[in-house]
Amino acid sequence: MVQLEGRPVPPTTATPESRRTERATRRRTRLQRLAVHGASLAALLLGWWLVTRTGLVRPLYLPPPADVWDAFVRANTDHPISPGSDRIVRGEQNYYLWEHLLASLQRIAIGVGGGVLLGIPLGLLMGTTWLGVVLEPYLNFLRSLPPLAYIGLLIVWFGIGDTSKIWLLFLAVFPPVAMATISGVRGVREDQLNAVRSLGASRRQALTSVVLPATLPEVLTGIRVATGFAWTTVVAAEIANGIPGIGGLAYLAGEQLRTPLVIASILVIGLAAIALDLGLKHLEKSLVPWRGKA
Amino acid sequence: MVQLEGRPVPPTTATPESRRTERATRRRTRLQRLAVHGASLAALLLGWWLVTRTGLVRPLYLPPPADVWDAFVRANTDHPISPGSDRIVRGEQNYYLWEHLLASLQRIAIGVGGGVLLGIPLGLLMGTTWLGVVLEPYLNFLRSLPPLAYIGLLIVWFGIGDTSKIWLLFLAVFPPVAMATISGVRGVREDQLNAVRSLGASRRQALTSVVLPATLPEVLTGIRVATGFAWTTVVAAEIANGIPGIGGLAYLAGEQLRTPLVIASILVIGLAAIALDLGLKHLEKSLVPWRGKA
Amino acid sequence: VESGRSSATNETDAAQASDCPWEADDSITTTARIAWQAIPNADVVVKDLGLLEACMPNAEISWVQAASGGDVVKYYGSGDVDLGLMGSSPATIASSEPVVRDVDLAVVWIHDVIGEAESLVVRDPEVIDLAGLEGGRIGVPFSSTAHYSLLQALAEEGLDPATDVEVINLDPEKMPGAWQGDQIDAAWVWDPVQSQLLEDGGTRILSSADTAEAGRPTFDVGTADRTFVAENPEFMAQWAKAQDHAVGLIQDDPATAAESVAVVLGIDPADAEKQFAGLSYLRAQEQVDYLSRSFPKDLLTTAGFLLDQGGIEAVGTPEQYAEHVDAGPARSAVGG
Amino acid sequence: MAEQAPSASRSIAFEGVRHHFSVGGAAVPALGPVDFEIEPGELVTIAGPSGCGKTTLLRLLAGFLAPSEGTVSVAGRRVQGPAAERGVVFQQPTLFPWLSVRRNVELGPRLRGVGSAARHEVADQYLELVGLADVADHRPYELSGGMQQRCQIARVLANEPEIVLMDEPFGALDALTRERLQDELLAIWRATGRTILFITHSVDEAVFLGSRVLVMSPRPGRIVLDERAVFADRGERVPDEEVRALPAYVELREEVRRAIAA
Amino acid sequence: MAEQAPSASRSIAFEGVRHHFSVGGAAVPALGPVDFEIEPGELVTIAGPSGCGKTTLLRLLAGFLAPSEGTVSVAGRRVQGPAAERGVVFQQPTLFPWLSVRRNVELGPRLRGVGSAARHEVADQYLELVGLADVADHRPYELSGGMQQRCQIARVLANEPEIVLMDEPFGALDALTRERLQDELLAIWRATGRTILFITHSVDEAVFLGSRVLVMSPRPGRIVLDERAVFADRGERVPDEEVRALPAYVELREEVRRAIAA
Ligand SMILES: Nc1ncnc2c1ncn2[C@@H]1O[C@H](COP(=O)(O)OP(=O)(O)OP(=O)(O)O)[C@@H](O)[C@H]1O
Ligand SMILES: Nc1ncnc2c1ncn2[C@@H]1O[C@H](COP(=O)(O)OP(=O)(O)OP(=O)(O)O)[C@@H](O)[C@H]1O
Ligand SMILES: [Mg+2]
Ligand SMILES: [Mg+2]
């Protein structure tokens, strides 16, 4: 958080006592933070419960928390097909919810990984060479294409297995990463480039030793945004033959008008995304300690 | 383009002759650029034509350019329902293609406009106050939600008209804009904030007179990414009752396996997106002349 | 750009389109919102010819396009439509727990009984029956009438969809690609994909006509909000009359009807006319018979299937399903 | 500029101030302990070896940093953060690239809601003072290093803060410009009675300008010399060369030099 | 550091060089016309009023800017861009915040593929020279202004360029540190025979360090004084104070001062 006002937090002091109090302060801050999150979450849950309780929204669209919880539990356990029936099925669509999640996570990991691995070098190249002039319209074209419109082609080329889904996620991820990289490159301070060139850096060395690190903050933001995109795309990717897969499950449940399961899947998607993003944010913090300072 | 090597372009000179040559140079550069684009486009079209001509890809998946052109022309004219029939229909689904495009553009304009208008202040607030701590998980949650999974809810709340579609586009746009703003805020140089605070700026003044302009480059990139994202969402938004609408048209055509029309729609979407992005890029250039310099 | 433009390209055409085949009723001032889907049946003919607008010049009618029956149920729930077309599966879901708590519909019309329009097409010419597909992979759009028919056929054959064959969820428009890439061995699907697969060397070994014969028919039905029906009997009568007229047109003058379908679906009239053959259409009298006798039972059997699929929580009583069928409007169109 | 009487309450106090920076988890002492007071209206110059903590001291007073130990107070109240009363000229020019030179200088008055005509006048006055009138419409990154420094000075002075904190403000200026600005600063100081804290690495400048000279020891910086100097207080009629030739001046300069070298 | 004989071919030539910046569409003349040559092994100091075009001249030679008119050449070849042969100490410290101080200094050798042990040794040597050995593991933004400037100097010297371009390198240093670094620079120059271009706003520094002193006019900068100075060439045995007391020294200093004031 940027400090607009008030005094900044005092930095580490040398004496052991003050260091101890500092650690205590940090722990207190963390606790406060947790309390704030807990309170806001509780408020939200209460609001949800009230809204459904008072009948403001019909359960077809927003079922009460209890129903969603039931759907969540059912989806994670072996359970009878209907109350009283002795036919026991496993989770939903023969997979537990966490297995669906895992399957999607795998796809996202590969898609995002590929997108980042291509997006950064491509962005660097496009930001620093004439390739940018040639490729920019195509990149813009690509990043505006609705996945629903071209998933058919992907299926023709890559089949209905995981490959086409991963490609779709990849195609969702790599343009924003490339864009962020290009934008970061344009923000690199000219004199930093001049400095490294005067030290004898070749084109490539200037790229890796200055442009890349200087661009890192924006690239990391780009990766975070792109990972968010990947999550939003996972349903589209898993509409066709997407079981196991949390997006496929959400889609099927939606088709069957089983709103509690849809909401449970969405919540799981959202929570997984939050966890993933926390990790990325952490990475950002440790990789770019100089932000705002130089 | 960042200059990694070679000598920079000479700046304006005072003498009228040299100014004239400079203008000539600039015109030449623009012509060169056009030539490059033209050449790459021609190469692409040729490749497309060859691929379809040699039968590498079936017309069902990738029809030859001529078919797509026919579909495009048909979609923009009054034409008989079938050769020889005397029933004349207007464009596709009773609207010309450009009308479909216009309808989608309207939705995108409102959705993106709203997303930007909310995303920037929210990002500023989240980047500078404790609100960020409270809201960040919800923002991350929101930006990971698959539109296909919640469009149902939007329809319930906002009806099946344009409102729910605009909301969907809005919800797609505003998280990346807010994210970019937050990231930009974290990159604001501390001393610039210190400087303005020492000049007597209030919290709010510091926000508008330093944080906002310093964040502008990243925000503008965020807007560009988000607008691209809005385009990818337009089909999902227009699946339900999306006529007129270029995304709705692409979807319906896909359902009927009318690939030439699908491709024509996609091309129109892509070209419109490129044009929009060019505009945004232009805006960026004129709004942030100091990038890379300070 | 305003939405909801009619098929007429200009004013004169509009005038031409607005001839009511019987005496128009200016007394009806109902506001009706109708959800339609791109399926070749009388509903789109009514829409294209503007029959409702012509016969009830003072009623306010708006057409809302939906991509699936599930969409239509949601539209009902949000109070956005009064009438709508859906498959028999969503109609059953809408009449069963838990969704029945949120919407209150009645099936008032059978737009079509699905026959060869939805059928099982297999790649391997050697395969001549379902048993031959054992160990193979069958694509079908889940939660659709085709899905229902496929699972019924499998059960009939004694094949367990969980172990003996692999049934995967696949949108029709993605099937040709999967088919060409050797990704599926068979697909239960409708047009235009069905024709495409047949063209690509597939053979039809089963169709919904067969499952219907075996007592598991599938339909596209017209539904209406029950309150709306109760409050607007005259409108419903005119509506049913228009539907009946369009059915007559399909049966007696398929070329004209096909043109309307072609306009709405954006396809070739010849293709549209071919598609009529895969569906059977019922005149008003047949509607009355069917709706009041066997249709509630069909809903019940469908419900049993949906329970297995997890689509509903419990199968309702026969009375409950009968309550959600209303032959009234059809009856008022008989002989009209 | 408005004449402001030195308010007796504006005295500055450092009490037992220490500051540590945390570098890679370890605490690096940078300043202190430091104890001193500055009376309103003093022009205090601070000198000391590079890296001794001069900037840190100034940033503590500006409110950019909170001391690890002790308190920094102005007018008896603890410094809680930056404020308009304490204007800061940064060691590295910190201008706003999205504003023209003129609008950078006008920023303080604008934030206070001064009307555009009055703002324009103030800006013109100070741009003239620092010799940037002809580049008023340039952007800061189109200025040379010395010009950026001067722009910063104009910006702070145009805001008329009661306390002016200057971190090597004339560091990048040629001798001539520097002398002119020294004279202008003294004139402003004499006319308005502002409190000025002036960091410099030039011993001569410290002695010539200061009404009081502080010298700091190498890191962690402590005050090792604290002397009144009378040369700044002289009337304007005494020419600079004569001042520099005074035996007392030469002696103080030597004393300061020795203190730094120690 | 490796002893490199001055190569006769490394002479620098400015021929009819002018430079204009474009500000808001209008062309602002910043430099020229400028014509001069620098022989290999010279230590040229450049002085001139703030904003006169010193930095512009240096950036043209560094290859960061292309002249609007005329040519800048080194060893007979037009300067086409930055190169390792021309090391640059920037007026505003330009360090890489993602590298530690040590790794900033090691960067040049690392880019040339020097092994890590050798790199380490070179870095140690130059960090010691500029007095930053104890903050080698800090990040640049954790240094004071003067320390950043010294780090930059170490980085350039560690790369052993044949031509060293320095833009007010000692501007933010206290007198003591400055004098020490002046001596070190002279020692390095004498030992290696590098060509050095040294911008300073201190007349004394210009005269004391330069084997040749250039003075530039106000914007657009032209060369108004070009004098050989012998004081840098003196043996190391002559103490600095004595040099400064030489009549020839005092005279040149006055001459330079007058040229700047003109
Ligand atoms: N942000 C920081 N993080 C860690 N250490 C710091 C930081 N800022 C300064 N220091 C350390 O604190 C010490 C004092 O720094 P300061 O900037 O106050 O010096 P200074 O007296 O202003 O020097 P100079 O004359 O070179 O500007 C330095 O040794 C420096 O290494
Ligand atoms: N990027 C730029 N755009 C426009 N004008 C510029 C730019 N850089 C410098 N100038 C102008 O060119 C002139 C010379 O600038 P330069 O930086 O060379 O001066 P300098 O002699 O180094 O001054 P100083 O001693 O203050 O650093 C200045 O008047 C400045 O206004
Ligand atoms: Mg300092
Ligand atoms: Mg300069």
Side-chain angles (χ1 to χ4, degrees), chain B residues 2-3 8-14 120 124 127-130 180-181 184-223 282-294, chain D residues 55 58-65 79-101 103-114 119 138-143 145 148 151-167:
Chain B
V2 167
Q3 204 76 21
V9 187
T12 331
T13 47
I120 294 178
L124 288 178
T128 53
T129 66
W130 54 267
T181 311
V185 168
R186 273 189 287 136
V188 175
R189 278 174 52 206
E190 283 166 15
D191 268 355
Q192 288 191 331
L193 272 175
N194 283 335
V196 83
R197 296 278 303 151
S198 291
L199 287 173
S202 68
R203 242 187 120 68
R204 247 195 65 209
Q205 287 177 322
L207 215 58
T208 52
S209 62
V210 170
V211 180
L212 187 62
T215 309
L216 209 54
E218 275 203 57
V219 170
L220 284 171
T221 303
I223 293 178
H282 212 78
L283 193 74
E284 190 174 327
K285 230 179 220 156
S286 65
L287 278 181
V288 196
W290 67 86
R291 272 219 102 174
K293 288 180 179 146
Chain D
T55 299
L58 182 133
R59 293 174 79 88
L60 287 167
L61 179 52
F64 304 161
L65 293 172
V79 170
Q80 295 284 341
E85 59 166 20
R86 280 164 280 128
V88 179
V89 176
F90 292 78
Q91 186 169 9
Q92 319 266 1
T94 303
L95 297 162
F96 302 118
W98 46 87
L99 300 178
S100 68
V101 167
R103 291 176 68 83
N104 264 283
V105 174
E106 280 181 357
L107 186 58
R110 209 182 75 208
L111 291 171
R112 268 186 286 118
V114 173
R119 239 157 52 200
H138 289 214
R139 294 286 181 113
Y141 50 87
E142 292 168 337
L143 300 185
Q148 289 181 20
C151 179
Q152 248 204 125
I153 295 169
R155 185 175 66 183
V156 168
L157 293 180
N159 200 33
E160 298 177 353
E162 290 169 52
I163 300 170
V164 187
L165 310 177
M166 306 177 96
D167 200 348

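These numbers were taken from a predicted model, which means no experiment stands behind them. Chain naming here is simple, since letters A, B, ... match the order of the sequence lines and numbering starts at 1 in each. Quick note: numbers below take in every heavy atom, side chains included, and nothing from hydrogens, waters or symmetry partners.
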| Non-neighbouring partners of D:Gln152 that pass side chain to side chain donor-acceptor pair (under 3.5 Å), sequence neighbours left out | none
| query | Can you list the residues that meet the salt bridge (Lys or Arg N to Asp or Glu O under 4.0 Å) rule with D:Arg119, with sequence neighbours excluded? | reply | D:Glu106
| Contacting region of D:Arg139 [heavy-atom separation from chain B under 4.5 Å] | side chain
| task | Heavy atoms only, distances under 4.5 angstrom: which of D:Thr94, D:Val156, D:Val89 has the most pairs with chain B? Name it, please. | result | D:Thr94
| task | Answer with side chain, backbone, both or neither: which region of B:Val288 has an atom nearer than 4.5 Å to a non-hydrogen atom of chain D? | result | neither
| So which part of D:Arg155 gets closer than 4.5 Å to some heavy atom of chain B, the side chain, the backbone, both or neither? | both
| request: Looking only at non-hydrogen atoms, find the nearest pair between D:Pro82 and D:Gly63 and report the distance. | output: CD-O, 3.6 Å
| message | Under a plain distance cut-off of 3.5 Å, with no hydrogens placed, do B:Arg189 and B:Asn194 share a side-chain donor-acceptor pair? | response | no
| said: If I measure from the heavy atoms of chain B, does D:Leu165 come under 4.5 Å with its side chain, its backbone, both, or neither? | reply: neither
| message | For B:Gln205 versus D:Leu111, what's the shortest heavy-atom pair and its separation? | response | NE2-O, 2.7 Å
